[in-house]
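What follows is one structure encoded as structure tokens, with my remarks underneath.
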Amino acid sequence: MTLTNMHAEMQDKNISSKISEKAALKELERYKAFISASEIGAWEYFAESEFLWCNDIYFRLLGRDIKDFDMSGASNLKSCWVELLHPEDREAAISSFNNVLNNPKDTFETYFRMLHSNGSWVWMWSRGSVFKDGDNAQLAVIGTLVDITHHKKAEEIIQRERIMLRTLIDNLPDTIYVKDREGRKIIANRADVECIGAATEEEVLGKTDLELFNNDIGRRGYEDDMHIMKTGVPIINNDEYFLDATGKMRWLQTTKIPIRNERGKIIRLLGIGHDVTLRRESDEKLKELNKGLKEQSEELKKKAEDLNVLNRQLEEQKEQQLEKAIAQGKFEIASEFLHDIGNAMVGLGAHLNRINQSLGKNNLDNLKSLSAFLKTNETQIAGAIGANKAGALVSITDGIVSEQAVNSADIQKSVTELLNIITHIQEILNIQRQLVKNHKGMQERKPVNMETIIHDCRSMLFATIDKKGIQLKVNIKPGNYTIKGDHTKLMQVILNILKNSIEAIDPNAEEKIISIDMSAGDVLQLTITDNGSGFSEQTASLFFVRGFTTKKSGTGLGLYNCRTIIESHIGSFNIASPGPGLGATTTIKFSV
């Protein structure tokens, strides 16, 4: 090769070298512009000299100036990096960095906090790898530094919200779960885990309903999941049964909805189940109750219809029943009289027994004579049997005399009460005799004069009223007092009312009055008033209850029968009182 050719060749090489150098410088400038535009810090570490080169963006991310740090090539790793690391992150960051130096094939990537010039800590993401230019070149690590504080704070917020959300769903009584496209559970809250019968969430994650429930419950759940994944149609508030850990059937109101990504593709399934077992049981009970009420309603309706039919029958048979009521009333009145006589005879028998018992005792006069003898001769007797015994004998004798005196008084009282009872029996018998004498057999409904009945009743009770010192005032206004009815029955009603008034008047009262007032017009009205013991509203409400009585020996049939008789005569019967101790008024009305 000639010198000229050699020179030309060398000149060509120099030109090529300069072109390559310019291209490299241009490429380097492009990378610097890229890094600067991206706000990415760049660094390069030389292991032999422990020099850390950093670009100005590296320090600007920390609010610092590159001029404040030594970039001459001397050891500065501590001042530019280590000393700026957060104490809690320092050990992990240095360990990761050293691992790359010891294993050049590895890549350095870690997160740590660095001290900002304003005193705050900023999160950095640093990545790097070993770089070696040639076999004998110095070992170096080149990397980047990016501020991810904003992302870290967002991540912390998301993490806190995730914890709060998880705490919420784990403490809700409803079952909540998320499944992937294959129907495998990826989230299950505490209620769902318990519902399945598992101990922990880990036991159910990654499993489908077919694996969790080896029965028709599992098949039903899995088929529903796959249908939603395929069609995207949710299931809303569907009641379905399941078996709990004890094997007891329970009911869940289940909602399953598909979850879509930003492109609208179904990627997940969210399920919520609300335990409605109590509601279902209540609904069943309510259903049974409504069924029972409906049956009862139909039964009551039928009974009401039967009552309407019966009422019509009763209307049709009214006249016949009125006659039967009169006959029945007569029988009950007769029974009442017999009952009164029976009570009187029972009382008579009791007092006679007491008399017989008293008469069986020692003669009182003989005992008195014996007591007087013992007292007179107590001194002589004491000489014979001793003073104590003599005194005791006299005391015993006196006690016997006193006891016999009490017995005699009791006998006398019993005899007096017996005479009163006998007198009462005689009054009843006199009334009965006159009724029998004047009304023989069953009387037909005929015209009856109420004025005559009043006078007859006054005559029958005159002796009793006079004996008790009661004034009987009768005021009958002029008019027609004839009605169609049963003379015996009506007379018995008036006698019963007057008898009640007589018994209600206090024997020791200064004024004893019974008034009878009667008037006739469109309505025949009879009023009997006394100034006796009267009664309360509560007692008045019970007067016509069959069997109720205020008398010690009463039957509770008197007023009940009286009203029955008056109503059978198409009339009304009422008894009232202003109150206890204020007398009573009985009012009878007949349609004329």
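The model shown is predicted, which means the values in this text are computed figures rather than measured ones.
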Legend entry - side chain to side chain contact (heavy atoms under 4.5 Å, CB included) between N561 and N496, worked out: CA-CA 10 Å; N561 286 333; N496 196 8; over 6 Å; no
Legend entry - Distance, nearest 0.5 Å, that separates CD1 of I494 from CG of L526: 5.0 Å
Legend entry - Neighbour count above 12 (heavy atom, 6.0 Å) for E537 CD: no
Legend entry - Side chains of H487 and D456 in contact at under 4.5 Å (non-hydrogen atoms): yes
Exercise answer: donor-acceptor pairs, residues 187-199 side-chain atoms, under 3.5 Å, sequence neighbours excluded:
unit_1 : atom_1 : unit_2 : atom_2 : d
N189   : OD1    : I176   : N      : 3.0
N189   : OD1    : D192   : N      : 3.0
N189   : ND2    : I169   : O      : 2.7
N189   : ND2    : D174   : O      : 2.9
D192   : OD1    : K185   : NZ     : 3.2
D192   : OD2    : K185   : NZ     : 2.4

Inset, instruction - Answer yes if the side chains of N237 and T255 hold a donor-acceptor pair under 3.5 Å, and no otherwise. - result: yes
Inset, instruction - Calculate, to the nearest 0.5 Å, the distance between atoms CZ and CD belonging to R220 and E240 respectively. - result: 4.5 Å
Inset, instruction - Quick one: list whatever passes ring pair (Phe, Tyr, Trp, His ring centres under 6.0 Å) with F535, sequence neighbours left out. - result: F543
Inset, instruction - Any ring pair (Phe, Tyr, Trp, His ring centres under 6.0 Å) involving residues 571-592? Give me the pairs, sequence neighbours left out, ordered by first then second residue. - result: F544-F573
Legend entry - Residue pair I588 / I497, side-chain heavy-atom distance below 4.5 Å: yes
Legend entry - Closest non-hydrogen atom pair, G221 against K256: O-NZ, 3.4 Å
Legend entry - Reported OG1-to-CG distance for the pair T527 and D517, which is rounded to 0.5 angstrom: 6.0 Å
Legend entry - Gap between atom CG of L498 and atom CD1 of I528 - 0.5 Å precision: 4.5 Å
Inset, instruction - Decide yes or no for I257 and I236: does some side-chain heavy atom of the first lie under 4.5 Å from some side-chain heavy atom of the second? - result: yes
Legend entry - G273 backbone acceptor or donor facing T175 side chain under 3.5 Å: yes
Legend entry - Flag, side chain of S533 to backbone of G581, donor-acceptor distance under 3.5 Å: no
Inset, instruction - Check for a donor-acceptor pair, side chain of N377 on one end and backbone N or O of F373 on the other, with a separation under 3.5 Å. - result: yes
Inset, instruction - Evaluate the side-chain proximity of I505 to N531: yes if any heavy-atom separation is below 4.5 Å, no if none is. - result: yes
Inset, instruction - Answer whether the closest heavy-atom distance between the side chains of L495 and M460 falls below 4.5 Å. - result: yes
Inset, instruction - Check whether any side-chain N or O of K375 sits under 3.5 Å from a backbone N or O of V394 as a donor-acceptor pair, and report yes or no. - result: no
Inset, instruction - Return yes if some donor-acceptor pair links the side-chain N/O of H227 with the main-chain N/O of V233 below 3.5 Å, else return no. - result: no
Inset, instruction - Please check if atom CG in N388 has more than 12 non-hydrogen atoms from other residues, nucleotides or ligands closer than 6.0 Å. - result: no
Legend entry - Verdict with reasoning, E201 to D170, per side chain to side chain contact (heavy atoms under 4.5 Å, CB included): CA-CA 11 Å; E201 184 181 15; D170 275 338; 5.9 Å; no
Legend entry - Trace of the salt bridge (charged side-chain N to carboxylate O under 4.0 Å, His left out) decision for E299 with K303: CA-CA 6 Å; E299 184 178 352; K303 288 183 178 180; 3.6 Å; yes
Legend entry - I453 vs C457 side-chain heavy atoms within contact, under 4.5 Å: yes
Legend entry - Worked verdict on T254 versus I235 for side chain to side chain contact (heavy atoms under 4.5 Å, CB included): CA-CA 8 Å; T254 300; I235 294 176; 5.6 Å; no
Inset, instruction - Find out whether I454 and Y481 are in side-chain contact, i.e. whether some heavy atom of one side chain is under 4.5 Å from a heavy atom of the other. - result: no
Inset, instruction - May I ask you to check whether over 12 heavy atoms, not counting those of E298, lie within 6.0 Å of atom CD? - result: yes
Legend entry - Test log, rule side chain to side chain contact (heavy atoms under 4.5 Å, CB included), inputs K291 and K287: CA-CA 6 Å; K291 181 180 178 182; K287 184 178 179 181; 5.8 Å; no
Inset, instruction - Would you indicate whether N214, at its atom CG, is surrounded by more than 12 heavy atoms from other residues, nucleotides or ligands within a distance under 6.0 Å? - result: no
Legend entry - Separation of H455 NE2 from I516 CD1 (nearest 0.5 Å): 9.5 Å
Inset, instruction - Determine whether Q296 and L293 make a side-chain contact, defined as any pair of heavy atoms from C-beta on separated by less than 4.5 Å. - result: yes
Inset, instruction - Please answer whether the main-chain N or O of K468 pairs with a side-chain N or O of K512 as donor and acceptor at a distance below 3.5 Å. - result: yes
Legend entry - CG on L524 to CE on M518, rounded to 0.5 Å: 6.0 Å
Legend entry - For G583 against P578, the heavy-atom pair lying closest together: O-CD, 3.6 Å
Inset, instruction - Carefully, step by step, assess D306 and K302 under the rule salt bridge (charged side-chain N to carboxylate O under 4.0 Å, His left out). - result: CA-CA 6 Å; D306 293 342; K302 185 178 182 301; 3.5 Å; yes
Inset, instruction - List the atom of W251, the atom of T277, and the distance in Å for their closest heavy-atom pair. - result: N-OG1, 2.9 Å
